[in-house]
Peer 1: 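Sharing a structure with you now.
No experiment lies behind these values; they were computed from the predicted model shown.
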Amino acid sequence: MNKRKFGIGAALMTLSTLAAAQSSVTLYGVISEGIAWVNNDGGNRNIKLLSGVNQNNRMGFRITEDLGAGNHALAVLENGFDITSGKLQQGGRLFGRQAFVGLANDQFGTVTFGRQYDMFWDYFLPWTTATTTGSEAAHPGDADNLFGTWRYSNSVKYKSPTIGGFNAEALYAFSNASGDFANNRAFSVGAGYTHGPLKLAAAYVELDRPGIANTAGAVTDDYQAAPFLTFQTSPVNKVGVLKQRNAGVGGQYDFGHGLRLNALYDTVRYSYLDGTAFRLDNYDISVSYYVTPALLLGAGYVYSGGQYHGIDANPHWHTAAINVDYFLSKRTDVFAFADFQRVSGPGSAVLYLNSPSSSNMQSMVVLGMRHTF
């Protein structure tokens, strides 16, 4: 009897060891903080401490399990937090940045279910001026969502394997509204190509009746209550969005020796519930250069042109950024960047994390540090 118990126990311990060897849970995160000087923050100069100033703070768990025969189970749980106050971000959600579970096959790709990003984020984020310069030079209103202002709940996402340099993705986010499938739903598609030093991508996103009218839908309070200048209500009657469409193309070329050039164009089209509309076109070009493995320089410029339909208004934004980033180690760096924005026509100059300027210009200088784990 004792021998039998010992044999069963040894077998269970062996199975447990094998399972542990085939599975992993990784804890990861980013902690970023900076001191900012702003020339006109809601009408006054300001010096303030900002959380997540060059990369949003986060903590997450990445879970994988090898199921054999090229199959894998996976999951990600990731929250966002304000390091200055300790508060949760993304509307107070525990895992507001990402929360999904899925299955992957080495030959056929990956399918995941939960709260996820669209194809603009997946493909274009590394090529924006804001990313290249580690700054707050977002496109006006983050209308194209490249700052991740909102995520997609109730979403199913597919990622293909890379074949001959090509890959593709698709996402559908359910409205979860009985009998009204188009009430706050969304979908997105994208494709990428890599050949040597060249990377190219194209993506499309569509949202139908997004916002808080259906609080169980694809995008809700994070879409409706974006943190700064937004276009998510009509300028005439202040009603919400009937449909939003984003389309874009972009790419990167790596010249070697630490020098990379990035370019991106996207267009955002809003149709409002009162019949008015707005179009925003963003042209983004940036460059980054590793002077040494520890010293990174970056610079970028964004031109954004807007056009309203229903009122005579055509705002234009010019946004520029430069930065220097020094890596004390593989996980810790100190940085400085400067952002500038000028607007002509209606609208306000406003850089991310600030209140709108009382003039048509706003500039910001930031010193900070970041630690990743």
Side-chain angles (χ1 to χ4, degrees), residues 52 56 58 77-82 85 87-100 113-121 138-157 171-188 204-246 268-280 306 308-311 347-348 350 352-356:
N56 285 338
R58 69 201 67 177
L77 298 172
E78 182 179 282
N79 80 359
F81 60 91
D82 185 325
S85 66
K87 293 181 180 179
L88 290 173
Q89 294 185 322
Q90 291 82 48
R93 293 172 172 87
L94 178 58
F95 296 112
R97 290 183 59 86
Q98 299 184 85
F100 62 81
F113 309 85
R115 181 173 171 85
Q116 304 177 84
Y117 292 106
D118 62 29
M119 275 71 267
F120 261 53
W121 174 280
H139 300 166
D142 195 27
D144 48 19
N145 199 31
L146 289 175
F147 258 45
T149 296
W150 67 87
R151 279 81 169 171
Y152 297 83
S153 301
N154 318 324
S155 66
V156 180
K157 188 173 186 177
L171 174 144
Y172 184 85
F174 292 86
S175 72
N176 278 10
S178 177
D180 196 0
F181 297 116
N183 184 6
N184 195 2
R185 69 176 176 186
F187 63 88
S188 179
Y204 177 80
V205 180
E206 183 171 316
L207 298 87
D208 294 310
R209 284 186 280 168
I212 58 176
N214 172 16
T215 57
V219 294
T220 56
D221 56 322
D222 48 350
Y223 177 88
Q224 195 68 38
F228 73 131
L229 175 68
T230 67
F231 309 108
Q232 289 148 346
T233 57
S234 163
V236 178
N237 298 309
K238 305 303 179 184
V239 297
V241 174
L242 174 65
K243 189 181 292 289
Q244 177 178 346
R245 300 182 180 95
N246 303 351
V268 183
R269 313 289 179 92
Y270 292 94
S271 299
Y272 300 105
L273 292 168
D274 62 358
T276 60
F278 178 66
R279 170 177 174 170
L280 181 70
Y308 282 100
H309 300 276
I311 62 172
S348 301
V350 53
Y352 207 79
L353 298 180
N354 295 307
S355 298

Peer 1: Under the rule for ring-ring contact (aromatic ring centres under 6.0 Å, His included), what residues qualify as partners of Y117, not counting sequence neighbours?
Peer 2: W121
Peer 1: How about T149 and Y352: do any of their side-chain heavy atoms sit closer than 4.5 Å?
Peer 2: yes
Peer 1: Would you say that more than 12 heavy atoms from the other residues, nucleotides or ligands in this model lie under 6.0 Å from the CD1 of I311, or not?
Peer 2: yes
Peer 1: Roughly how far, to the nearest 0.5 Å, is CG of L88 from CZ of R97?
Peer 2: 12.5 Å
Peer 1: Do L207 and V219 touch side chain to side chain, with heavy atoms closer than 4.5 Å?
Peer 2: yes
Peer 1: Any side-chain donor paired with an acceptor under 3.5 Å for D274 and N237?
Peer 2: yes
Peer 1: Is the shortest side-chain heavy-atom distance between Y152 and V205 below 4.5 Å?
Peer 2: yes
Peer 1: Can you list everything that forms a salt bridge (charged side-chain N to carboxylate O under 4.0 Å, His left out) with R93? Sequence neighbours excluded, please.
Peer 2: D221
Peer 1: With a 4.5 Å limit on heavy-atom distance, are the side chains of D222 and Q90 in contact?
Peer 2: no
Peer 1: Mind checking whether M119 and K157 have side chains closer than 4.5 Å, heavy atoms only?
Peer 2: yes
Peer 1: For D208, is there an ion pair with R185 - N to carboxylate O distance below 4.0 angstrom?
Peer 2: yes
Peer 1: Suppose we screen for ring-ring contact (aromatic ring centres under 6.0 Å, His included). Which residues come up paired with Y172, at least two apart in sequence or across chains?
Peer 2: F174
Peer 1: Under 3.5 Å, side chain of S188 to main-chain N/O of Y204, donor-acceptor pair present?
Peer 2: yes
Peer 1: Between A143 and W150, which heavy-atom pair has the shortest distance, and what is it?
Peer 2: O-CH2, 3.6 Å
